[in-house]
Amino acid sequence: MSSDAVVLTVAGPCGPRDVRLSSPSRVLWPDPGITKLDLAHYLMEVGEAFVRANGDRPLSLQRFSSGIGGEQFFSKNPPKGAPDYVRAVSVVYPSGRTHPQLVIDEPAAAVWAVQMNTIVFHPWPSRASLSDNPDELRIDLDPQPGTDFADTVPVAVCLQSVLAEAGLTAFVKTSGNRGLHVFAPIKPTREFLDVRHAVIAAARELERRMPTQVTLNWWKEERGERIFIDYNQANRDRTMAGAYSPRPLPHAPVSCPLEWSELADADPQAFTILTVPDRLRDRGDPWAAMHAQPGTIDTLYSWWERDLESGLGELPFPPDFPKMPGEPPRVQPSRARRPE
């Protein structure tokens, strides 16, 4: 064993586990001086809430070779030598290819991921046992140039009302950057494309109510100074940073669940690896009961069908997806051929 390695004893549902951490003094976030060991301790402190939000799901790890300024890559399947408490589940990607993807079931597995130089955790919106059917409807509110976090707040509040009208209970978290993520628990009865269409239906209703503040335009040149509702994050194999996941930004922010009552005064800069453990101890986990009463997307899907009948169809998919039925041309508007 390397002389600078440490062994951490991590509590969990199966009892304590010893996890070896090499290079514990490696600095991952230079500005606040947060090390690899600090990150491991953070995940030990928030472990129960972290696993509740991100566990039992196909997961991608965003790994950095030498801190947030180093090279990065995504790791999906467990590498050779992974401990026996880190499992995998077969999932189907948009290409139709099936591949094993790792699953985290306990805090020790998250700490092991830190040993693998993981900084960001990206969970699927579906469970490992039924990976084709999401049990979370997720909507990404993405500020465009000229807008910021404060501009997402009224959009999120309006979205909460839209989802409530559709019979869904919304939960909110910071993205860890400038945006917000709004989730709603749903029964896993429909596959990804149906959930994507439900997200588009909710986003279109939101756009109708806030046309100067919200946009669904996929092409950046058409968005203006509005909040982009990134509906493509609802696609298969598209993920957001998980709840309580760190982000690779200089001040070491965390994607932090919030109560709706605190959203108006929230400062996303305040939720960091150094502050969130105390917050969790003092306030508890706002998402603890998220899945107690899941809803369905039936109403939202009826809105999608209504919009189809009125002439509003499919929206563009990401360029790495196969061409989908009813999808408009994937041509940037400024590059589209003009009629002669």
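This structure is a prediction, so every number in the text was calculated from the model and none was measured. Numbering of residues begins at 1 and proceeds along the displayed sequence.
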- Task: Drop me the distance from D230's CG to R238's CZ, to the nearest 0.5 angstrom.
- Result: 9.5 Å
- Item | Distance (rounded to the nearest 0.5 Å) between D132 CG and L130 CG | 7.0 Å
- Does R57 come within less than 4.0 Å of E136, counting only side-chain N to carboxylate O? yes
- Query: Side chains of D18 and T9: do they bring a donor and an acceptor to under 3.5 Å?
  - Reply: yes
- Message: Suppose clustering is done on Ile, Leu, Val, Met, Phe, Trp and Tyr with side-chain heavy atoms closer than 4.5 Å. Which residues sit in the same group as W124?
- Response: V89, V91, Y93, V103, F192
- Rounded to the nearest 0.5 Å, the CD1 atom of I227 sits from the SG atom of C158 at a distance of 12.5 Å
- Could you walk me through whether R63 and E71 pass the salt bridge (Lys or Arg N to Asp or Glu O under 4.0 Å) test, one step at a time? CA-CA 8 Å; R63 297 163 59 184; E71 294 183 2; over 6 Å; no
- E221 atom CD: more than 12 heavy-atom contacts under 6.0 Å: yes
- Query: Can you name the nearest heavy-atom pair linking P100 to N77, along with the distance?
  - Reply: O-CB, 3.1 Å
- Given side-chain contact (heavy atoms from CB on, under 4.5 Å), test F271 with L258 step by step and report yes or no. CA-CA 10 Å; F271 308 119; L258 304 176; 3.6 Å; yes
- Message: I'd like to know whether R223 forms a side-chain contact (heavy atoms from CB on, under 4.5 Å) with W218, so could you lay out the CA-CA distance, the side-chain angles of the two residues, the decisive distance to 0.1 Å, and finally the verdict.
- Response: CA-CA 8 Å; R223 294 177 189 170; W218 176 245; 4.3 Å; yes
- Note on the structure: Quick note, side-chain hydrogen bond (donor to acceptor under 3.5 Å, both in side chains) partners involving residues 160-169, not counting sequence neighbours, are E165-R209
- Query: Within the distance-only criterion (no hydrogens, no angle test), does the side chain of N217 pair as donor or acceptor with the backbone N or O of E222 below 3.5 angstrom?
  - Reply: yes
- Message: Test your reading of the model: is there a side-chain donor-acceptor pair from W29 to the backbone of I68, 3.5 Å cut-off?
- Response: no
Name the atoms and distances for all side-chain donor-acceptor pairs under 3.5 Å in residues 272-280, with sequence neighbours left out.
unit_1, atom_1, unit_2, atom_2, d
T272, OG1, L274, N, 3.1
T272, OG1, T275, N, 3.3
T272, OG1, T275, OG1, 3.4
T275, OG1, A270, O, 2.6
T275, OG1, T272, N, 3.0
T275, OG1, T272, O, 3.4
D278, OD1, R281, NH2, 2.3
R279, NH1, E262, OE1, 3.1
R279, NH2, P257, O, 3.0
R279, NH2, E262, OE2, 2.7

- Item | Non-neighbouring partners of D307 that pass side chain to side chain contact (heavy atoms under 4.5 Å, CB included), sequence neighbours left out | R204, R208, S310, L312
- Message: Taking salt bridge (Lys or Arg N to Asp or Glu O under 4.0 Å) as the cut-off, I'd like each qualifying pair that reaches into residues 148-160, sequence neighbours left out, listed once.
- Response: D148-R178
- Do L180 and L263 come within less than 4.5 Å of each other through their side chains, counting heavy atoms only? yes
- Message: A side-chain contact here means heavy atoms from C-beta on lying under 4.5 Å apart; do L43 and P107 qualify?
- Response: no
- Hey, could you give me each pair passing ring pair (Phe, Tyr, Trp, His ring centres under 6.0 Å) that has a residue in residues 236-260? Not counting sequence neighbours. none
- Is a side-chain donor-acceptor pair under 3.5 Å present for E305 with H197? no
- Listed by chain and number, what are the side chain to side chain donor-acceptor pair (under 3.5 Å) partners of S131, not counting sequence neighbours? none
- Message: Between T212 and E225, does the side-chain contact (heavy atoms from CB on, under 4.5 Å) criterion hold? Intermediate values first, please.
- Response: CA-CA 9 Å; T212 64; E225 294 185 1; over 6 Å; no
- Message: Does N133 form a side-chain hydrogen bond (donor to acceptor under 3.5 Å, both in side chains) with R127? I'd like the steps, not just the answer.
- Response: CA-CA 8 Å; N133 290 20; R127 299 284 177 175; over 6 Å; no
- Message: My understanding is that a hydrophobic cluster links ILVMFWY residues whose side chain heavy atoms are under 4.5 Å apart, including indirect links. Using that, what else belongs to the cluster containing F171?
- Response: F183, M240, W287, M290
- With L300 as reference, evaluate V199, L137, I186 under the side-chain contact (heavy atoms from CB on, under 4.5 Å) test and give the passing residue. L137
- Query: Ion pair present between R190 and D135, side-chain N to carboxylate O less than 4.0 angstrom?
  - Reply: no
- Check which hydrophobic residues are tied to F321 through side-chain heavy-atom contacts below 4.5 Å, counting indirect links as well, and list them. L193, F317, M324
- By side chain to side chain contact (heavy atoms under 4.5 Å, CB included), N54 pairs with (sequence neighbours left out) F50, P123
- Message: With heavy-atom distances below 4.5 Å as the criterion, would you say the side chains of V10 and E106 are in contact?
- Response: no
- Residues that H122 engages under side chain to side chain contact (heavy atoms under 4.5 Å, CB included), provided they are two or more places apart: S60, Q62, F74, V120, T239
- Message: Please check: side-chain N/O of N177 versus main-chain N/O of D142, any donor-acceptor pairing under 3.5 Å?
- Response: no
- Query: CG/D140 to CD/Q233 distance, rounded to the nearest 0.5 angstrom?
  - Reply: 5.0 Å
- Message: Run the side chain to side chain contact (heavy atoms under 4.5 Å, CB included) test against P294 and tell me which residues pass, sequence neighbours left out.
- Response: P185, K187
- E48 atom CD: more than 12 heavy-atom contacts under 6.0 Å: no
